[in-house]
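Working notes, structure below.
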Amino acid sequence: MLAAIVALAAPAADPGLFFREDWKETAAATPVTQEHVANPDLVLTRHGPGQAQIRKSHHDTPADDPYYVWSGEAEGNWAVSLRHRASAVDLTGPAKIRWRSKQAGFRRLRIILKLEGGAWLVSEEHDDESADWRVREFAVSDLRWRVLDIATLVEGRRAESPDLSRVAEVGFSDLMRGGRTQACSRLDWIEVYGRSVAPKEGGR
């Protein structure tokens, strides 16, 4: 009995790394495509009216400039999502999402999720303007969500207690068009920590 009580009281173990994406170290190009994805297990999809102008960017100077996704030229709302080829991910419990990014102006980079049933969500929490690149970590259980229209990249009503036990795609968006260097989002890398689960047949 005591062992059972202790087991129930113990915190859940941190989940392992489900995926990380760094982008290939290749020349800048518009738009970002599957050819720029470094992780062979991942499939990239662009979304929204501005999807054709999402850029995989890089500059020769400074020397440590990363290879990153940039929204500055997007002519409308945009998003990028990543899907594992073989598995969905359970983002319940101690799951987390980390990324390195840099925003400018009023841009607020948010997490987007596609649930296995096809519904899309966008996080109310975000990563906002910074003078330099920085790493942010989001505890998924702390996040609040809104329904997302993936065609227009416009948020809707609050999604109360969504089931995140089978998430098909994870991505990011600031739900705004680009404004060049002065008003844009940049994402260097993204990590998703959660439990790999077999997808339901036809669930994507």
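Throughout, residue positions are numbered sequentially from 1 according to the sequence presented.
A donor-acceptor pair under 3.5 Å is formed between the side chain of Lys56 and the backbone N or O of Thr26. Between the Asn39 side chain and the Arg20 main chain, a donor and an acceptor come within less than 3.5 Å of each other. A donor-acceptor distance shorter than 3.5 angstrom exists from the side chain of Asp65 to the backbone of His59, with no hydrogens or angles considered. Side-chain atoms of Arg166 come within 3.5 Å of backbone atoms of Ala198 as a donor-acceptor pair (strictly under, hydrogens ignored). Checked by atom type and distance alone, the side chain of Trp145 never pairs as donor or acceptor with a backbone atom of Glu124 at under 3.5 Å. The backbone N or O of Leu42 sits less than 3.5 Å from a side-chain atom of Gln34, completing a donor-acceptor pair. In this structure, the side chain of His84 engages the main chain of Ala86 through a donor-acceptor pair within 3.5 Å. Counting only distance, with no hydrogens or angles, the side chain of Arg107 and the backbone of Arg177 share a donor-acceptor pair below 3.5 Å. Side-chain atoms of Gln103 do not come within 3.5 Å of backbone N or O of Ser185 as any donor-acceptor pair. Judged by distance alone, the side chain of Trp23 and the main-chain N or O of Asp188 form a donor-acceptor pair under 3.5 Å.
Hydrophobic clustering (side-chain heavy atoms under 4.5 Å, transitive across Ile, Leu, Val, Met, Phe, Trp, Tyr) keeps Leu44 apart from Ile150. Grouping the Ile, Leu, Val, Met, Phe, Trp and Tyr side chains by contacts below 4.5 angstrom, directly or via other members, places Val37 with Ile190. Note: the hydrophobic cluster containing Val69 also contains Phe138 (ILVMFWY, side chain heavy atoms under 4.5 Å, direct or indirect links). Clustering ILVMFWY residues whenever any of their side-chain heavy atoms sit less than 4.5 angstrom apart, transitively, puts Val80 in a cluster other than the one holding Leu175. Follow the hydrophobic side-chain contacts under 4.5 Å out from Val89 and you reach Leu164 in the same cluster.
Trp133 and Tyr68 have perpendicular rings, their planes meeting at more than 60° on a 0 to 90° scale where under 30° would count as parallel. Taking the six-membered ring for Trp and thresholds of 30 and 60 degrees, His58 and Tyr67 have nearly parallel ring planes, at less than 30 degrees apart.
Taking both residues in full, the closest heavy atoms of Ser87 and Ser196 are given as OG-OG, 3.0 Å, listed atom of the first, atom of the second, then distance. Closest non-hydrogen pair, Pro49 versus Ala151, comes out as CD-O, 3.6 Å. Annotation for Ala104 and Arg186: closest pair CB-NH1, 4.1 Å, computed over non-hydrogen atoms. Closest of all the heavy-atom pairs between Ser123 and Glu125 is OG-O, 2.8 Å. Taking all atoms of both residues into account, the shortest heavy-atom contact from Tyr193 to Leu91 is O-CD2, 3.9 Å. Between Ile112 and Ser81 the shortest heavy-atom distance is CD1-CB, 4.4 Å.
Counting non-hydrogen atoms of neighbouring residues, nucleotides and ligands closer than 6.0 angstrom, the CD atom of Glu137 exceeds 12 such neighbours.
Inter-residue side-chain proximity for Ser130 and Asp132 is flagged as unmet; no heavy-atom pair is nearer than 4.5 Å. Residues Asp174 and Trp78 are in side-chain contact: their nearest non-hydrogen atoms beyond the backbone lie under 4.5 Å apart. The shortest distance between side-chain heavy atoms of Pro31 and Gln51 does not fall below 4.5 Å. Between Ile97 and Phe18, every side-chain heavy-atom pair lies at or beyond the 4.5 Å cut-off. Inter-residue side-chain proximity for Phe172 and Ser101 is flagged as unmet; no heavy-atom pair is nearer than 4.5 Å. Two residues are said to be in side-chain contact when any heavy atoms from C-beta on lie closer than 4.5 Å; Asn77 and Thr152 fail this criterion. A 4.5 Å side-chain heavy-atom check between Thr33 and Arg46 finds at least one atom pair inside the cut-off. Between Phe19 and Asp41, the closest side-chain pair of non-hydrogen atoms is not below 4.5 Å.
Between the CZ atom in Arg55 and the NE2 atom in His36 there is a gap of 9.0 Å [rounded to 0.5 Å]. One finds the OG atom of Ser173 at 13.5 Å from the CZ atom of Arg108 (value rounded to the nearest 0.5 Å). To the nearest 0.5 angstrom, Arg100 atom CZ is 15.0 Å from Arg136 atom CZ.
A salt bridge links Asp127 with Arg134: the distance from a Lys NZ or Arg NE/NH1/NH2 to an Asp or Glu carboxylate oxygen falls below 4.0 Å. Residues Arg180 and Glu73 are paired through a salt bridge, judged by an N-O separation under 4.0 Å between the basic side chain and the carboxylate.
For the side-chain contact (heavy atoms from CB on, under 4.5 Å) with Val170, the lone residue among Val140, Leu82, Val192 that qualifies is Val192.
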message = Does Arg110 form a side-chain contact (heavy atoms from CB on, under 4.5 Å) with Leu121? I'd like the steps, not just the answer.
response = CA-CA 10 Å; Arg110 303 171 190 273; Leu121 303 174; over 6 Å; no

key: Test log, rule side-chain contact (heavy atoms from CB on, under 4.5 Å), inputs Val167 and Leu115   = CA-CA 5 Å; Val167 174; Leu115 307 186; 4.2 Å; yes

Working for side-chain contact (heavy atoms from CB on, under 4.5 Å), residues Thr30 and Trp70 = CA-CA 10 Å; Thr30 304; Trp70 180 57; over 6 Å; no

